[in-house]
K.L.:
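Quick one: the structure is below, questions incoming.
FYI, side chains are in, hydrogens and waters are out, and symmetry mates aren't considered; it's all heavy atoms of this structure.
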Amino acid sequence: MGYDTRSVARWTIRYMGNAIPLSKGDFVLGRGSECEVQIDDFQASRRHAVLHVDTDTVTIEDLESRNGVEVNGVRVDGTKALVHGDVIGIGKHEIHLVEEDERQRRATLTTVQSNDDSDRLAEELAGHLDADTGVVPAVSGLEKLSKREREVLRLAALGHTHKEIGQALGVTAKTVETYRSRINEKMRFSSRAELVRFALRAGLMDDA
């Protein structure tokens, strides 16, 4: 499979209650016994998909599977780059991708334990303050989102996985995935970067 076991795992996948570190190389997902992650689901192909893991990037490639691969509820066509918090769907199973450095950084921001991080967030927010009033101006489109959708958006912008958001809100990861799809559809976000920028402009991260 091409693992580099000497490298320190920056990326982790969470599946079936387990945290599996990803070494640099290829990581096959499927129903076959030879796969690094075995998925016990009749909807999964023997070799369903492969994660290509590098130092700074992770991509997923559909290995011409019978039922396809989804990322955050959207079917993958060929190969797709992944980011922290993405949820891979194969059959009825969900696999969460975690970037450990990002998870730790977001946790620090959330608990405001680091002055450096809170100062940086304040600087980011300050870039969107109204010069006269000193507050974040109204953001067009925010009224389209329900209270729960705004909370999901805020937690997603902070880098939490679907599972973590579900635990915080008392819902399933699948429900969070549905909320994320609705948010992306309503706001027409094409990337997580757009979601984060919107959350900052809207002041949704003020209470982080």
K.L.:
Any side-chain to backbone donor/acceptor pair from H48 onto S45? Under 3.5 Å, distance only.
P.N.:
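Side chain of H48 to backbone of S45: a pair is present.
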K.L.:
Please tell me if the side chains of D86 and T161 come closer than 4.5 Å, counting only heavy atoms from C-beta onward.
P.N.:
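No; the side chains remain at least 4.5 Å from each other.
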K.L.:
Could you point out which residue of T57, V58, V53 forms a side chain to side chain contact (heavy atoms under 4.5 Å, CB included) with L82?
P.N.:
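So the option named by the test is V58.
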K.L.:
Are the side chain of R47 and the backbone of C35 linked by a donor-acceptor contact shorter than 3.5 Å?
P.N.:
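The answer is no, because no donor-acceptor pair under 3.5 Å joins these two groups.
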K.L.:
Drop me the distance from R75's CZ to E70's CD, to the nearest 0.5 angstrom.
P.N.:
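If we round to the nearest 0.5 Å, R75:CZ and E70:CD are 8.0 Å apart.
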K.L.:
Mind listing the closest non-hydrogen atom pair of A49 and V69 along with its distance?
P.N.:
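Answer, listing the atom of A49 first, then V69: CB-CG2, 3.8 Å.
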K.L.:
Between D26 and L51, is any pair of side-chain heavy atoms under 4.5 Å apart?
P.N.:
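Counting from C-beta outward, D26 and L51 never come under 4.5 Å.
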K.L.:
If the test is side chain to side chain contact (heavy atoms under 4.5 Å, CB included), which one of L145, V152, L169 qualifies with Y179?
P.N.:
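For Y179, the side chain to side chain contact (heavy atoms under 4.5 Å, CB included) test succeeds with only one of L145, V152, L169, which is V152.
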K.L.:
Rounded to the nearest 0.5 Å, what separates atom CD1 in I13 from atom CD1 in I88?
P.N.:
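Answer rounded to 0.5 Å: 6.5 Å.
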K.L.:
Taking only Lys NZ, Arg NE, NH1 and NH2, and the carboxylate oxygens of Asp or Glu, determine whether R14 and E164 approach each other closer than 4.0 Å.
P.N.:
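Looking at E164 together with R14, the answer is yes, because their closest N to O distance falls below 4.0 Å.
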K.L.:
Rounded at 0.5 Å granularity, tell me how far CD in E177 sits from CZ in R182.
P.N.:
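The CD atom of E177 sits 12.0 Å away from the CZ atom of R182.
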K.L.:
Is there a side-chain contact between I90 and D41 in this structure, where contact means two heavy atoms from C-beta onward sitting under 4.5 Å apart?
P.N.:
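In short, these two side chains do not touch, never coming nearer than 4.5 Å.
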K.L.:
Taking side chain as C-beta onward, heavy atoms only, is H160 less than 4.5 Å from H84?
P.N.:
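Of all side-chain heavy-atom pairs linking H84 with H160, none is under 4.5 Å.
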K.L.:
What about I165 and F189, same hydrophobic cluster or not, with Ile/Leu/Val/Met/Phe/Trp/Tyr joined at side-chain heavy-atom distances under 4.5 Å?
P.N.:
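Same hydrophobic cluster.
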K.L.:
Do T178 and T175 have a side chain donor and acceptor closer than 3.5 Å?
P.N.:
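T175 and T178 do not have a side-chain donor-acceptor pair below 3.5 Å.
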K.L.:
Any idea how H162 and H96 line up, ring-wise: parallel (<30°), tilted (30 to 60°), or perpendicular (>60°)?
P.N.:
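H162 and H96: perpendicular rings.
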K.L.:
Hey, quick one: are I183 and L142 part of the same hydrophobic cluster, counting side-chain heavy atoms closer than 4.5 Å, chains of contacts allowed?
P.N.:
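Looking at the clustering, L142 is in the same group as I183.
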K.L.:
Measure from the side-chain N and O atoms of N18 to the backbone N and O of I20, and report whether any donor-acceptor pair falls under 3.5 Å.
P.N.:
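No, the answer is negative, given that no donor and acceptor are paired below the 3.5 Å cut-off.
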K.L.:
Quick one: does any side-chain atom of R180 pair with a main-chain N or O of G73 as donor and acceptor, under 3.5 Å?
P.N.:
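No: the side chain of R180 does not pair with the backbone of G73.
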K.L.:
Could you state the interatomic distance from OH (Y15) to CD (E94), rounded to the nearest 0.5 Å?
P.N.:
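The OH atom of Y15 sits 11.0 Å away from the CD atom of E94.
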K.L.:
Could you state the interatomic distance from OG (S146) to CD (E151), rounded to the nearest 0.5 Å?
P.N.:
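It comes to 10.5 Å.
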K.L.:
Group every Ile, Leu, Val, Met, Phe, Trp and Tyr by side-chain heavy-atom contacts under 4.5 Å, then state whether V74 and L29 land in the same group.
P.N.:
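As far as the 4.5 Å side-chain criterion goes, L29 and V74 are not connected within one cluster.
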K.L.:
Just wondering, are more than 12 heavy atoms of other shown residues or ligands nearer than 6.0 Å to CD in E64?
P.N.:
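No, CD of E64 has 12 or fewer neighbouring heavy atoms, counting only those of other groups under 6.0 Å.
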K.L.:
Indicate whether any N or O donor in one side chain lies under 3.5 Å from an N or O acceptor in the other, for D62 and S65.
P.N.:
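Indeed, the side chains of D62 and S65 share at least one donor-acceptor pair under 3.5 Å.
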K.L.:
Heavy-atom count around K92 NZ within 6.0 Å, excluding the residue itself: above 12?
P.N.:
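Counting other residues, nucleotides and ligands, NZ of K92 stays at 12 neighbours or fewer.
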K.L.:
Go through the side-chain N and O atoms of E194 and S190 and say whether any donor and acceptor fall under 3.5 Å apart.
P.N.:
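The criterion, which ignores hydrogens and geometry beyond distance, is satisfied for S190 and E194.
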K.L.:
Applying the 4.5 Å side-chain criterion to the ILVMFWY set and letting contacts propagate, would V87 and L155 be lumped into a single cluster?
P.N.:
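Looking at the clustering, L155 is in a separate group from V87.
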K.L.:
Can you check whether T172 reaches V176 side chain to side chain, under 4.5 Å on heavy atoms?
P.N.:
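T172 does not reach V176 side chain to side chain.
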K.L.:
Starting from V71, can I reach L97 by hopping between I/L/V/M/F/W/Y residues whose side chains sit under 4.5 Å apart?
P.N.:
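Yes.
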K.L.:
When rounded to the nearest 0.5 angstrom, what distance separates OG in S23 from CD in E36?
P.N.:
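Separation between the atoms: 10.0 Å.
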K.L.:
Any salt bridge between K80 and E61, counting N to O under 4.0 Å?
P.N.:
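Salt bridge between K80 and E61, a charged N being under 4.0 Å from a carboxylate O: no.
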K.L.:
Side chains of I60 and V50, heavy atoms from C-beta outward: is any pair under 4.5 Å?
P.N.:
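Counting from C-beta outward, I60 and V50 never come under 4.5 Å.
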K.L.:
For a side chain to side chain contact (heavy atoms under 4.5 Å, CB included) check, start with the C-alpha distance between T12 and L22, then their side-chain angles and the critical distance, and finish with the verdict.
P.N.:
CA-CA 5 Å; T12 300; L22 299 180; over 6 Å; no
K.L.:
Does the side chain of E34 reach to within under 4.5 Å of the side chain of R46, using non-hydrogen atoms?
P.N.:
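Result yes, sub-4.5 Å side-chain heavy-atom pair found.
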K.L.:
Does the pair D54/K24 count as a salt bridge with the N-to-O cut at 4.0 Å?
P.N.:
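Salt bridge: yes.
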